[in-house]
Amino acid sequence: MAAKYIPNEIEKKWQEKWAETGLYRVTEDSPKPKYYALTMFPYTSGDLHIGHWYAMAPSDVQARFKRMQGYNVLHPMGFDAFGLNAENAAIRQGIHPYTWTMQNIENMRRQLKSIGAIYDWDREVITCLPEYYKWTQWFFLKLYEHDLAYRQKAPVNWCPSCQTVLANEQVVDGCCERCDTAVIHRDLEQWFFRITKYADELMQYEGIDWPERIKIMQRNWVGRSTGTEISFALDHPGVDEKEIRVFTTRPDTTFGVTFMVLAPEHPLVPKLTVPEKKAEVEAYIERSRRQTEIERLSTEKEKDGVFTGAYVTNRLNGEKVPIWIADYVLLSYGTGAVMAVPAHDERDFAFALKYGLPVIHVIDRTDGIAKSYAMAGTMRPGLKQSLEDANISFTETSDGGLYITLRGDDQIDNYIEMVRVHLLPGCWSEIVGSRWLFIFASEEGTTVVPFDSIEAERSILAKCKELEPNVRSRRTVMEMLWGLEFYRDMLFHTEYGTMIHSGPLTGTPGDQAISTVTKWMEQQGFGHATVSYRLRDWLISRQRYWGAPIPMIYCDKCGIVPVLEEDLPVLLPEDAEFKPTGESPLAYHEGFVNTTCPKCSSPARRETDTMDTFMCSSWYFLRYCSPHYSQAAFDPEKVKYWMPVDLYTGGAEHAVMHLLYVRFFVKALRDMGIADYNEPCVRLYNQGHIIAEQRKMSKSRGNVITPDEYVADMGVDTVRVYFMFLGPWEQGGEWDDSGISGVRRWLNRVWNLVLEEYTPRAENDGVRTELRRTTHQTIRKVTGDIERLRFNTMIAALMEFTNYLARIKEAGSVSQADWKEVVDILLLLLAPSTPHITEELWEQTGHNYSIHSQDWPQWDEALAKDEEVTLVVQVNGRLRDRITVPISITEDEAKQLALESPKSKPHIEGKQLVRAIYVPHKLVNLVVK
RNA sequence: GCCGGGGUGGCGGAACUGGCAGACGCAGCGGACUUAAAAUCCGCCGGAGUAAUCCUUGUGGGUUCGAGUCCCACCCCCGGCACCA
């Protein structure tokens, strides 16, 4: 009887031995090809939970596999150690963020060591240590030097609970990503990185293998729109600016502009506002500033705004239109000003209706439909009959009015004639939709007035009011028409179509409208084609203590002056006070704030904000290459050796934050001549998340499950395998430990299979060949699955292989030597997944240390090839029989065998064979009638 | 609303380019061993039916000799974006 498998004993033993012998130490002088396998480093929140392990264990398996395949593998680990949690803990518990963080690291490192990964701990990187953040600051200076960092006053996202600003990416549904508090706006001087400079390049993914999903998310985030910038003429007393530019993706609708809307924070607003509107405008600005992001962005919220009293002129048609302000216009997108075309934009339409602004249609409908309402008592008898004769559809209202729907120009023209004949003097009728006109009748005859401009709107409205007291309260024609439910679906549309009511451009077909208008505007000097992005520059200032101080100095004489490189790092003072005041605790620290100007040596003040922690994680993968290098952020030779990352794994929640920032960062370094690659990582893979109680695990939700007890109970090898076996790695899922015992049982069976004595009893050449085939098929399957990160099926294949070997052993059907060989292969295939048990078994079966330095088994395609296959016999597509045939069988032979198959015979007899389909190695389908 | 991803036994999941649906494991059931239990091992395990056989991959259609896989419509779940002019 072999000794029992007691995981904890052998796991401890081997982890110690690996550490002693430096088995996983990595150097750059290896003759092997390099492979950089990177896993996102954890944030130092305290405990690692099984979610972390779910990310780390399988990536270690892949890295170990690459190592056995003959690569020099760098698979490092470190800690993302700056950030708000530490500071909040400091405020709550009175413990210094440094102490809190280092204690957490201590614990996390212990947990990480127990995972049995190949991390080379000599390369550990901790972002909150001065030896690291010195270089974070250095990168800031480089970005500043290359005009990629700038300071600007802007309305920024402010989290009242975290007491700091947030990057755009950190605002989720108008709330703080970290604490869910509603975000408000503040005007602050902040530091930004010019990520928008790389907007276009960030949408390109040439030469890299990234998940389609992430690429789509990033492209949407960058949000490139092609459009036109159009200049509207401004002539306002006391204002120097002679134009206001707007960005639009619909220049084809410019003839339909009936007002303009500026963002409330737009710098022109105070200058343009006329004295009598001043109070109202200021109140509105104040209100929108106080609103939270959710309130302001709520799509349910009714659009509101205020008139400034000023006007611009639409150069295309000379129309003078009012300037409004409204908070649905964002200062940070486009030019912060929009031309409003209520006829073809839903928001503008709602706004126009609310404030009685005119609506003029300038794009034709594509369906050719128009509507008209013949009110009871406005028509001579006989209209109904005429409509019927002309095949025009209508419905009659209870009071005898008619709702008429016209399809196509012929019906519309026909109908106009009918109205001219039937309309009673002193009445009017209108046609809306595919045609816009009003027909007025008087004793002298009928007049057809097209509704095609703001002037027409005025005169039509005046005429209607004169004729009909009921409409006298209406401010616009559109408001009048909106009153009739029947018309509503005609009153606005966003389709592309032929231009109408557009002066010289009327008639331009929809598919050319945008390019024609843009060209024409360019010729006239009214505007030009341009591109706008949803992406904003990356706001990196944080009003908190626990981050890398921004290395900048403000001097009264010299202005903004960067800290000299030789003065780095700008150290965090240890004795700051942690009170959430809305300003960085550093601002209250006299010793920190007061300094001298590096240029003129006069007294100066330090920048007291610290950097967003995403800045720290934007370059940690470079630091791993030479973690203790003191002359620079990294040793260029070593970075040249390791970069770019070959496989980067981590959660998809970083799609538009970390994963966008690192790409920006690397591109910026490349343009500075510091990097010679375009992308940080060649292949990206996002594993899913382990959730508990339907939610992501987090300390604050109190649903954290740690791996420690499972490790103590089952051994880490079991835990590693169980994570892989749960399901597809990219899928994640609800944590359920009910299956873990199955894995434990399996490893136990492996243990006994390898250690309990093998006795050949009934050696059999056929079985020997079959064993070899199965072995090579398993090597092929396992290799392919790890390569594609399909760990769940890899484990299933190994379990199957084990079950198969157990049967062989039971029967004793191969020689001692054959058995030994196949057991070795089993152990090698298992080694990346279960490094401890395989190391132990490797030793116990008489091999030299270490199994992890062995070569990955190779398969031989010829040996893996099946000699026989099972052919499925179908009759009319239904399974009737299975027959085992040699792989070399010909089509005719196969069909013959199928026809003779006893099980399918009854289904064929008495019927006529129409067709026989043969799929080699798969099936024969007999089609009978 | 828009853009992704996904609905397969009691459960997690498998199924390569359209070709045996349910691999592997959990749970369950039956058996062996045991005084007993645990552990271990063996067998069964989608549903209906004595059986032949039929039904079954969210729903409804379609293409095909053949559909979990392809096409159309719809329902549900998850993720992202959401006044971006």
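Convention: sequence-line order gives letters A, B, ...; per-chain numbering from 1.
Comparing B:C81, B:C54, B:A85 against the side chain of A:Arg534 picks out B:C81 as the nearest. Nearest to the side-chain atoms of A:Tyr328 among the listed nucleotides B:C83, B:A85, B:C55 stands B:C83.
Across all strands, A:His907 comes closer than 4.0 Å only to sugar-phosphate atoms, never to a base (heavy-atom distances). Residue-level contact check: A:Ser332 touches neither bases nor backbone, having no heavy atom under 4.0 Å from any strand.
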**Fill in**
Whether each nucleotide of nucleotides 13-23 of chain B has a protein heavy atom under 4.0 Å at its base (B), only at its sugar-phosphate (S) or at neither (-) is summarised, 5' to 3', as SSSB--BBS-B
**Request:** List the protein contact pattern of nucleotides 38-50 of chain B with one symbol per nucleotide (5' to 3'): B for base contact, S for sugar-phosphate-only contact, - for none; contact means a heavy-atom distance under 4.0 Å.
**Result:** --SS---------
Throw together a table of side-chain donor-acceptor distances under 3.5 angstrom for residues 913-929 of chain A, partners on residues two or more places apart or in other chains.
unit_1	atom_1	unit_2	atom_2	d
A:Asn925	OD1	A:Gly877	N	3.0

With a 3.5 Å cut-off and sequence neighbours excluded, list the donor-acceptor pairs that the side chains of residues 653-661 of chain A form with protein atoms.
unit_1	atom_1	unit_2	atom_2	d
A:Glu653	OE1	A:His689	NE2	2.7
A:His658	NE2	A:Tyr648	OH	2.6
A:Tyr661	OH	A:Glu169	OE1	3.0

Under 3.5 Å, which donor-acceptor pairs do the side chains of residues 527-534 of chain A form with other protein atoms, sequence neighbours left out?
unit_1	atom_1	unit_2	atom_2	d
A:Tyr533	OH	A:Asp200	OD1	2.8
A:Tyr533	OH	A:Asp200	OD2	2.6
A:Tyr533	OH	A:Arg224	NH1	3.3
A:Arg534	NE	A:Trp221	O	3.2

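Paired regions of RNA chain B, where each region holds three or more successive Watson-Crick or G-U pairs whose two hydrogen-bonding distances fall under 3.5 Å, are B:1-7 with B:75-81, B:10-12 with B:24-26, B:28-32 with B:40-44, B:46-48 with B:53-55, B:58-62 with B:70-74.
When the side chain to side chain contact (heavy atoms under 4.5 Å, CB included) test is applied to A:Thr884, the partners found at least two apart in sequence or on another chain are A:Glu868, A:Thr870. In this structure A:Tyr496 satisfies the ring-ring contact (aromatic ring centres under 6.0 Å, His included) test with no other residue, sequence neighbours excluded. Not counting sequence neighbours, A:Phe232 has no partner by the ring-ring contact (aromatic ring centres under 6.0 Å, His included) test.
A syn orientation is assigned to B:G9, its glycosidic angle lying within 90° of 0.
Sorted by first and then second residue, the pairs that involve residues 332-344 of chain A and meet side-chain hydrogen bond (donor to acceptor under 3.5 Å, both in side chains), not counting sequence neighbours, are A:Ser225-A:Tyr333, A:Ser332-A:Arg536. The list of ring-ring contact (aromatic ring centres under 6.0 Å, His included) pairs with a residue in residues 774-806 of chain A, not counting sequence neighbours, reads A:Trp729-A:Phe791.
In terms of position on RNA chain B, the residue among A:Ala797 and A:Val338 whose nearest nucleotide sits closer to the 5' end is A:Ala797. Of the residues near RNA chain B, A:Val743 and A:Arg536, the one whose nearest nucleotide (by heavy atom distance) lies more toward the 5' end is A:Val743.
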For nucleotides 1-6 of chain B, give me every protein contact, N/O to N/O, under 3.5 Å, one pair per line with atom names.
none

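Note: OH (A:Tyr722) to C1' (B:G25) measures 9 Å, nearest angstrom.
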